[in-house]
Amino acid sequence: MTGDTEALMRHSAAEPPTSRTARLLRRTTSSLVLTAFALAIPLLPGVDRATGAGVRVLLLMTAALALTPADGSSSGSVRSALERSLFTKNTP
């Protein structure tokens with residue numbers, strides 16, 4: 001067993017070094033873009049206050065979920081629940 005581990009470690013490729021800043025930027029870029037859009041969309045002409053507020057909340061929650069280390073299925077279910085709660089209120 002020990003020989004197998006040593007052979008595996010000898011033939012495995014080394015992980016390329018990445019800086020902490022690069023990892024942080026890669027992790028937060030999508031959240032920063034979503035936050036920027038959340039701030040800009042309600043300011044666009046033709047977007048009423050209620051729709052702008054709903055989209056803002058949805059984008060900010062999505063940005064927060066993008067920062068959490070959750071798997072895709074859990075964040076997808078939270079997003080769908082949030083969309084249902086935001087966009088079904090105003091429909092009769």
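What's counted below: heavy atoms across the whole structure, side chains too, no hydrogens, waters or symmetry copies.
Shortest non-hydrogen contact noted between Arg56 and Ala38 is NE-O, 3.2 Å. Annotation for Thr51 and Asp48: closest pair OG1-OD1, 2.6 Å, computed over non-hydrogen atoms. In terms of heavy-atom proximity, Ala63 sits nearest to Ser31 at O-OG, 2.8 Å. Taking every heavy atom of both residues into account, Pro42 and Gly52 meet most closely at CG-O, 3.5 Å.
Atoms CG and CD1, on Leu34 and Ile41 in that order, are 9.5 Å from each other to the nearest 0.5 Å. The distance from the CZ atom of Phe37 to the CG atom of Leu44 is 9.5 Å, given to the nearest 0.5 Å. Put simply, CG on Leu59 and CE on Met61 are 11.5 Å apart, with the number rounded to the nearest 0.5 Å. Of the inter-residue distances, the one linking Leu60 atom CG with Leu65 atom CG reads 11.0 Å to the nearest 0.5 angstrom.
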Thr29 vs Leu32, side chain to side chain contact (heavy atoms under 4.5 Å, CB included): CA-CA, chis, key distance, verdict: CA-CA 5 Å; Thr29 300; Leu32 291 173; 5.7 Å; no
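Sparse packing is recorded around CZ of Arg49, with 12 or fewer heavy atoms of other residues, nucleotides or ligands lying under 6.0 Å away.
Both Val55 and Val33 belong to a single network of hydrophobic side chains, linked directly or stepwise wherever heavy atoms of I, L, V, M, F, W or Y lie under 4.5 Å apart.
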